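Quick note: numbers below take in every heavy atom, side chains included, and nothing from hydrogens, waters or symmetry partners. What you see is a predicted model; the values in this text were computed from it and never measured.
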Amino acid sequence: MKSLLAFLGVVSLALGVAGIFLPLLPTTPFLLLAAWLFVRSSPRLYAWLMNHPQLGEYIRNFRENRAIPLRVKVVSVSLVWLTIGFCIVAVVDGLWWAQAALALLAAGISWHILSYDTLKK
């Protein structure tokens, strides 16, 4: 079981690192998941992740402050509405129930992101 959790942690870590460069892929949730998986499978990998000069900062900021930087909030909410808005207009055009469901999903994601405090550096 520990091997499976460690493998899933590495996959989550890879997705988190990719999220740094790909705007539609979230970084912090994948890094938080990787930390959670590593703490249950490999103390060595967990320590490495937490002490990493760039990646550890994402996790420490969220764990210590329960806050998200303003720039990350703005980019996240904007991308949510752009991508889901595109889907509403171009993908499910004519299916009012699917459009409504996607709009509610975007509103819920936005509310969740905005419900966290803004990190002041």
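Connection of L79 to W111 is not established within any shared hydrophobic cluster, with ILVMFWY side chains joined at heavy-atom distances below 4.5 Å, either directly or through further cluster members. No continuous path of ILVMFWY side-chain contacts below 4.5 Å connects I109 to L70, so the two sit in separate hydrophobic clusters. Using a 4.5 Å cut-off between side-chain heavy atoms of Ile, Leu, Val, Met, Phe, Trp and Tyr, with links allowed through other members, F7 and M1 fall into the same hydrophobic cluster. Cluster membership for F86 and V92, using ILVMFWY side-chain heavy atoms within less than 4.5 angstrom, is shared. By the criterion of side-chain heavy atoms lying less than 4.5 angstrom apart, applied directly or through intervening Ile, Leu, Val, Met, Phe, Trp or Tyr residues, V72 is grouped together with F21 in one hydrophobic cluster.
L45 is not listed as a side-chain neighbour of L13, based on a closest heavy-atom distance of 4.5 Å or more. The shortest distance between side-chain heavy atoms of V17 and L55 falls below 4.5 Å.
Without hydrogens or angle criteria, S12 side chain to F30 main chain gives a donor-acceptor distance under 3.5 Å. A donor-acceptor contact shorter than 3.5 Å links the side chain of S110 to the backbone of A106.
The shortest non-hydrogen separation linking A34 to G9 is CB-O, 3.5 Å. For the residue pair T83 and V80, the shortest heavy atom distance occurs at OG1-O, 3.2 Å. Shown here for Y116 and R66, the closest heavy-atom pair between the two residues is CD2-O, 3.7 Å. Contact between G94 and Q99 at its shortest, heavy atoms only, is N-NE2, 3.8 Å. Nearest heavy-atom pair, L31 versus I59, reported as atom, atom and distance to 0.1 Å: O-CD1, 3.6 Å. In terms of heavy-atom proximity, T118 sits nearest to K73 at OG1-NZ, 2.9 Å.
The distance from the CD1 atom of I88 to the CH2 atom of W96 is 13.5 Å, given to the nearest 0.5 Å. Interatomic distance, C87 SG to L102 CG, rounded to the nearest 0.5 Å: 6.5 Å. To the nearest 0.5 Å, atom CG of residue N51 and atom CZ of residue R60 are 7.0 Å apart. With values rounded to the nearest 0.5 angstrom, R71 atom CZ is found 12.5 Å from L119 atom CG. Atom CD1 of I20 is separated from atom CG of L15 by 12.0 Å, given to the nearest 0.5 angstrom.
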Self-check item: T28 vs N61, side-chain contact (heavy atoms from CB on, under 4.5 Å): CA-CA, chis, key distance, verdict
Solution: CA-CA 10 Å; T28 305; N61 276 342; over 6 Å; no

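In terms of the side chain to side chain contact (heavy atoms under 4.5 Å, CB included) criterion, residue partners of W36 (sequence neighbours excluded) are, by chain and number, L33, R40.
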